[in-house]
Amino acid sequence: MDEPIPVTRAVDSGTAKLMPDVDRRRAWLLTMDGAPQSYVDLDEPTHLEFEYARRLAHAVDAAAEEGKPLDVTHLGGGALMLPRYVAATRPGSRQTVIEADRGLFALVAEYLPLDHGSGIEVHCADARAWLEDAPADSADVLVADVFGGSRVPASLTSVEYARCAARALRPGGVYAANLADGAPFAFLRSQLAAFAEEFEHLGLIAEPGVLRGRRFGNTVLLASHTELPVAELARRTASDVFPARVEAGARLAELMAGAAPVHDADAVPSPEPPDGAFTIG
């Protein structure tokens with residue numbers, strides 16, 4: 001059998017590269033302009049290599065009893081890492097993926113095709129525009145993992161965007177977003193303030209080193225109209241290879257104290273990561 005070889009292709013938003021994992025027979029790392037974007041093991045879709053992906057998966061796992069099919073909307077597709085995980089752990093789920101980069105979608109479809117009957121539908125569209133037109137009460141879980149380069153687009157950072165997310169979720173539904181920031185957390189705090197305008201309950205998952213301001217890194221923002229399963233999430237995240245903390249309630253309120261919510265008129269992308277924060281050699 002021929003050994004898989006790296007694939008490099010110019011796509012809409014930059015240069016995509018698929019690199020095979022020498023330790024796992026059908027596993028691939030997708031990078032965009034040198035930044036790790038997705039990791040997919042076609043033989044074991046429940047294997048999530050990235051810490052932030054495991055934390056997003058924890059949010060989905062805790063959203064309903066084990067194995068129950070869910071309707072999940074994913075803003076941002078990449079190599080369809082999390083949709084494949086949900087299809088494997090919750091068979092029968094209906095999943096909609098919104099990916100703006102048509103070239104990237106074509107690359108993934110060619111080299112990392114979905115299994116027949118996966119229940120995953122991919123649409124090439126702008127995430128904000130799609131969400132604005134999405135049916136109300138249509139998703140049990142809404143996952144946002146959208147980056148332009150290494151930054152979250154400004155259109156996905158405002159109160160108006162949070163309102164669209166709240167409208168698309170069913171009662172009891174959960175919003176989970178992959179964000180990136182570092183001390184003094186001006187962007188993260190503005191996101192918490194924006195989502196507090198539309199949701200009664202918020203949570204945050206992050207490594208202690210990030211929360212203490214020691215380094216720039218990923219955080220997962222959670223939002224819901226009903227109480228989040230904080231204790232269950234804390235148990236799940238504490239058992240990871242790189243344990244994380246779950247902040248909610250008073251401790252989260254302390255973090256966001258004094259932060260102003262951002263509106264479309266003054267929204268900006270998330271901060272540029274420091275050199276080397278997310279790149280690989």
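Treat the numbers as computed from the prediction; the structure is a model and nothing was measured. These numbers come from the heavy atoms of this one structure, side chains and all, not from hydrogens, waters or symmetry mates.
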| query | Should Tyr85 and His47 be marked as a ring pair (Phe, Tyr, Trp, His ring centres under 6.0 Å) after you check the CA-CA gap, both sets of side-chain angles, and the distance that decides it? | reply | CA-CA 8 Å; Tyr85 173 90; His47 175 76; over 10 Å; no
| request: Compare every heavy atom of Val159 with every heavy atom of Pro261, then report the nearest pair and how far apart it is. | output: CB-CG2, 3.6 Å
| Atom pair CD/OG1 of Gln37 and Thr31 - distance to nearest 0.5 Å | 9.0 Å
| message | Tell me whether Glu99 contacts the main-chain N or O of Asp101 through its side chain, where contact means a donor paired with an acceptor under 3.5 Å. | response | yes
| More than 12 heavy atoms of other residues, nucleotides or ligands under 6.0 Å from CD of Glu121: is that the case? | no
| Would a distance-only check, ignoring hydrogens and angles, find a side-chain to backbone donor-acceptor pair under 3.5 Å from Thr237 to Leu233? | yes
| query | If every non-hydrogen atom of Asp137 is compared with every non-hydrogen atom of Pro171, which pair is closest and at what distance? | reply | OD1-CD, 4.1 Å
| query | With no hydrogens and no angle check, is any side-chain donor or acceptor of Thr15 less than 3.5 Å from a backbone partner on Ala10? | reply | no
| task | Output yes when a side-chain donor or acceptor of Ser270 lies under 3.5 Å from a complementary backbone atom of Val152, and no otherwise. | result | yes
| message | Please find the pair of heavy atoms, one from Pro208 and one from Ala244, that lie closest to each other, and give the distance. | response | CD-CA, 4.3 Å
| With a cut-off of 6.0 Å (strictly less than), are more than 12 heavy atoms of other residues, nucleotides or ligands near CG of Asp115? | no
Give every donor-acceptor pair under 3.5 Å between a side-chain atom in residues 192-206 and any protein atom, sequence neighbours left out.
unit_1: Glu198; atom_1: OE2; unit_2: Arg163; atom_2: NE; d: 3.0
unit_1: Glu198; atom_1: OE2; unit_2: Arg163; atom_2: NH2; d: 3.1
unit_1: Glu200; atom_1: OE1; unit_2: His225; atom_2: ND1; d: 2.7

| request: Determine yes or no for a side-chain-to-main-chain donor-acceptor pair under 3.5 angstrom, with Glu160 supplying the side chain and Asp264 the backbone. | output: yes
| task | Report yes if some heavy atom in the side chain of Thr219 is under 4.5 Å from a heavy atom in the side chain of Val210; otherwise report no. | result | yes
| message | Between Asp33 and Gly14 (side chain of the first, backbone of the second, donor and acceptor by atom type, cut-off under 3.5 Å), is there such a pair? | response | no
| query | Distance from Asp181 atom CG to Asn218 atom CG, nearest 0.5 Å? | reply | 10.5 Å
Output a table of donor-acceptor pairs, distance under 3.5 Å, between side-chain atoms of residues 102-110 and any protein atom two or more places apart or on a different chain; print 'none' if there are none.
unit_1: Arg102; atom_1: NH2; unit_2: Cys124; atom_2: O; d: 3.4
unit_1: Glu110; atom_1: OE1; unit_2: Arg9; atom_2: NH1; d: 3.3
unit_1: Glu110; atom_1: OE1; unit_2: Arg9; atom_2: NH2; d: 3.0

| Which value, rounded to the nearest 0.5 Å, describes the distance between Ser93 atom OG and Ile120 atom CD1? | 9.5 Å
| For Leu70, does its backbone N or O pair with a side-chain atom of Arg94 as donor and acceptor, under 3.5 Å? | no
| task | Any chance you could measure Ile98, atom CD1, to Leu131, atom CG, to the nearest 0.5 Å? | result | 9.0 Å
| request: Verify, without hydrogens or angle tests, whether Arg90 (side chain) and Asp61 (backbone) share a donor-acceptor contact under 3.5 angstrom. | output: yes
| Do Thr46 and Thr89 come close enough that some side-chain heavy atom pair is under 4.5 Å? | yes
| query | Is the backbone of Glu132 close enough, under 3.5 Å, to the side chain of Arg167 for a donor and an acceptor to pair up by distance? | reply | yes
| said: In the structure I gave you, are the side-chain heavy atoms of Leu112 and Trp28 within less than 4.5 Å of one another anywhere? | reply: yes
| Shortest non-hydrogen contact from His74 toward Gln95 | NE2-OE1, 2.6 Å
| request: For the pair Arg170 and Asp71, evaluate side-chain contact (heavy atoms from CB on, under 4.5 Å) and give the outcome as yes or no after the intermediate values. | output: CA-CA 10 Å; Arg170 292 178 177 142; Asp71 290 341; 2.8 Å; yes
| message | Please report the interatomic distance CZ(Arg128) to CG(Asp133), rounded to the nearest 0.5 Å. | response | 11.0 Å
| Hey, quick one: are Val11 and Val40 part of the same hydrophobic cluster, counting side-chain heavy atoms closer than 4.5 Å, chains of contacts allowed? | yes
| query | Would a distance-only check, ignoring hydrogens and angles, find a side-chain to backbone donor-acceptor pair under 3.5 Å from Arg54 to Phe242? | reply | no
| If two hydrophobic side chains count as joined below 4.5 Å and joins carry through other members, does Tyr175 share a cluster with Val262? | no
| field | Separation between CG of Asp41 and CZ of Arg24, rounded to the nearest 0.5 Å | value | 4.5 Å
